[in-house]
Number of protein chains: 2
Amino acid sequence: MTDISRRQVTLDEVAERAGVSRSAASRVINNAPHVSKAKREAVQRAVVDLGYVPNATARALATQQAGAVVLAISSDNPQVFADPFFAEVVVGVNSVLEETELELMLLLATSTRGQTRLEQLLRTRQADGVMMMSTHGDTLAELADKADVPVVFGGRPVNFEPRFYVDADNRGGARLATEHLVDKGRTRIATITGRMDEGAGTARFKGYQEALAVAGLDAGRVAHGDFSEDGGSRAMAELLSEHPDLDAVFIASDQMAIGALRVLTDAGRSVPGDVAIVGFNDIPSARHTAPPLTTVNQPIQALGREMARMLQSLMSGETPSPLILPTRLIQRAST
Amino acid sequence: MTDISRRQVTLDEVAERAGVSRSAASRVINNAPHVSKAKREAVQRAVVDLGYVPNATARALATQQAGAVVLAISSDNPQVFADPFFAEVVVGVNSVLEETELELMLLLATSTRGQTRLEQLLRTRQADGVMMMSTHGDTLAELADKADVPVVFGGRPVNFEPRFYVDADNRGGARLATEHLVDKGRTRIATITGRMDEGAGTARFKGYQEALAVAGLDAGRVAHGDFSEDGGSRAMAELLSEHPDLDAVFIASDQMAIGALRVLTDAGRSVPGDVAIVGFNDIPSARHTAPPLTTVNQPIQALGREMARMLQSLMSGETPSPLILPTRLIQRAST
DNA sequence: CCAGAAACTGGGAGCGCTTCCAGGCGACCA
DNA sequence: TGGTCGCCTGGAAGCGCTCCCAGTTTCTGG
């Protein structure tokens, strides 16, 4: 703080000013033992006098530790990250990383270029750990799981169970939502699924099926969406023409629910009078639709937090167990 | 790709296998001149055979270039980043960084710890450049502007004009919105401001004042909010009791507009019949309120993109000019 | 008061890569 | 054929830090 010098202050200069060897200075910086009290203090004084800050790069080279972890998001759609979902994940991740000396790197592996970068990252240990969010169970995911860098997954890709992951209880949440519909006395309950090549999509569909099986109801009214608002509209229209008798629909995302809601209203069906609907995700918009959307909330920040924690534990040599975070039903006026 | 060896492959190994010196190998890796065609090819072959990937850390140490830039967000509220706004900025930033060899680091400087980190970053050149989004014109911002690392600001802090920044035209957008209200024949136009300790807050207020001045209308109906939904509710209630005659209000954020809308409806005022309202930001929810919100859209991804571009230009020694991105009115049913 | 243990100390060898530099060598021109 | 120029080439010196190791000092306890 004292000296706004242009040049970077090095450990050698600190050592010299303190009248000790570089080794000694290094020891006090990393507060390692075997330094006399006098020298330790001399070094500390020199550090503040000179405004010394260790050079992270040099340290990384010497210790073979990058001092950074990366949050990698692999997808074919450059816009995915615009989803507020990830912003929340980042907040969670950051909250635990903040207690650490670790830096956070962001890798949006959307193009081939990004994918390559991720691969190299995995192979060359440029980061001390990676948090991977990959929607598709592509080869990249499996590669990541096998890499010798600690990797924890956020969410599970479809068709592939990583060794370490934290996921929201999508299946349980879907079951909850569907049961809620059953409890409301609905009997002809349809669903609009998400992308079935994503873990969340298949899991939520499974939850729907389970709940109806338990209730002894028909789970045959299904249309496939893609998590988007337009997809929801299309799927709802399809549902309406194939199964005009439906009296409720569980929709695998709020975005789709918003699209579906519009189609329903346009078709003259009242919500929840004629058909009750419940969404998933609890996005902010869900409370502002007409009627406000009953939906399933998942603890997104907690997801990020737990990913970071699990990564830490992995990095310190432990073998954590996968974690599934609870989801809960948020009841509003659409049911 | 060929060899999944545990150990990192080094330049020396490549050189040895290719039968050249390390210097030569280095030259071809960085495709520098002064290497014969034969050797160049030999090295290239060795690279793919061995699956060599340069060690970024070592390179960084040798070249004194980190190979990374950071996006720093300084705020006193750990939750700011949960705002989808930043997610979009990141998408924009990433889109240009993807063409580069640069890594993206994220620094959410919310705690004191984070602040310290940011300061050190600025002083020690651990990154080759920083994109700084700081709402308050605190000392940190000024420090950043003076740092010998290239720094570009996203948005302008209040009370302080950075040398390099890209910002949305908040003032122009606010003027647009207010003029729109005037055009609709409203004459008793109030405003709910954002936080006046943020650049966006003051700029939008200024735009409001300008528009009314031009129209020769009274700009005295103002209540201060804090950009949040609750703050909007409170401010609207205040407005209603202080200036019950208002027939329109320009609200400095959609979040506040949503809160205000509820208060208005509860108070029995119809929108836009009794009072027309326009928000700012064009968040997704804005299209789902009842009635859908007229608002001002700002090109957020473009903001990120331009920040990254400006930073690049700065890093390559140029002296770019500040940039102000246009905002535009999105007309919906609330006016 | 002495042997042995324990704590300190600084030298030096890296970590993997870039880059300066001096020497070598072939080509080209007169 | 000799001289010059310019392009290769590899050796070696770092970039700033960690950490092993051997040597020195200080401190025990008997």
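Hydrogens, waters and symmetry mates are skipped; everything else that's a heavy atom, side chains included, is used. Not measured: the values here are computed from a predicted model.
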message = So, taking the atom named NE2 in A:His34 and the one named CZ in A:Arg40, what distance separates them when rounded to the nearest 0.5 Å?
response = 10.5 Å

N/O (side chain, B:Ser36) to phosphate O (OP1/OP2, D:dT9) under 4.0 Å = yes

query = Distance from B:Gln115 atom CD to B:Leu107 atom CG, nearest 0.5 Å?
reply = 9.0 Å

query = OP1 or OP2 of D:dG10 sitting under 4.0 Å from any side-chain N/O of B:Lys39?
reply = yes

inquiry  = So that I can tick it off, tell me whether B:Arg117 and A:Glu103 are bridged by a salt bridge, with the cut-off set at under 4.0 angstrom between side-chain N and carboxylate O.
reply    = yes

inquiry  = Could you tell me how far apart B:Asn30 (CG) and C:dC20 (P) are, to the nearest whole angstrom?
reply    = 13 Å

With a cut-off of 3.5 Å and sequence neighbours excluded, list every side-chain donor-acceptor pair involving residues 87-96 of chain B.
residue	atom	partner	partner atom	Å
B:Glu88	OE1	B:Gln301	NE2	3.1
B:Ser95	OG	B:Gly92	O	2.7

Spacing between A:Leu11 atom CG and C:dG11 atom P, to the nearest angstrom = 14 Å

key: Reported CD-to-CG distance for the pair A:Glu306 and A:Leu323, which is rounded to 0.5 angstrom   = 5.5 Å

ask   = Within this structure, what is the CG-to-C1' distance between B:Asn55 and D:dG16, rounded to whole angstrom?
value = 15 Å

query = Near DNA chain D, under 4.0 Å by heavy atom, which residues of residues 15-23 of chain A?
reply = A:Arg22, A:Ser23

request  = Give, ordered by number, those residues of residues 58-69 of chain A having at least one heavy-atom distance below 4.0 Å to an atom of DNA chain D; if nothing qualifies, reply none.
outcome  = A:Ala58, A:Arg59, A:Ala62, A:Thr63

Length of the CD1-P vector between B:Ile29 and C:dG16, whole Å = 15 Å

Sidechain N-carboxylate O distance under 4.0 Å for A:Glu101, B:Arg113 = yes

request  = Calculate the interatomic distance between B:Arg27 atom CZ and D:dC7 atom P; express it in whole Å.
outcome  = 13 Å

key: Atom-to-atom span, NZ of B:Lys37 to P of D:dC7 - whole angstrom   = 18 Å

remark   = Assert: residue with more 5' nearest nucleotide on DNA chain C, out of A:Ala24 and B:Tyr52, is A:Ala24

message = Restricting to non-hydrogen atoms, name the atom on B:Ser74 and the atom on B:Met132 that form the minimum distance, rounded to 0.1 Å.
response = CB-CE, 4.2 Å

query = With no hydrogens and no angle check, is any side-chain donor or acceptor of B:Asp145 less than 3.5 Å from a backbone partner on B:Arg163?
reply = yes

request  = State whether the side chain of B:Asp128 and the backbone N or O of B:Ala66 hold a donor-acceptor pair below 3.5 Å, judged by distance alone.
outcome  = yes

For atom NE2 of B:His34 and atom P of C:dC21, their distance in whole Å = 14 Å

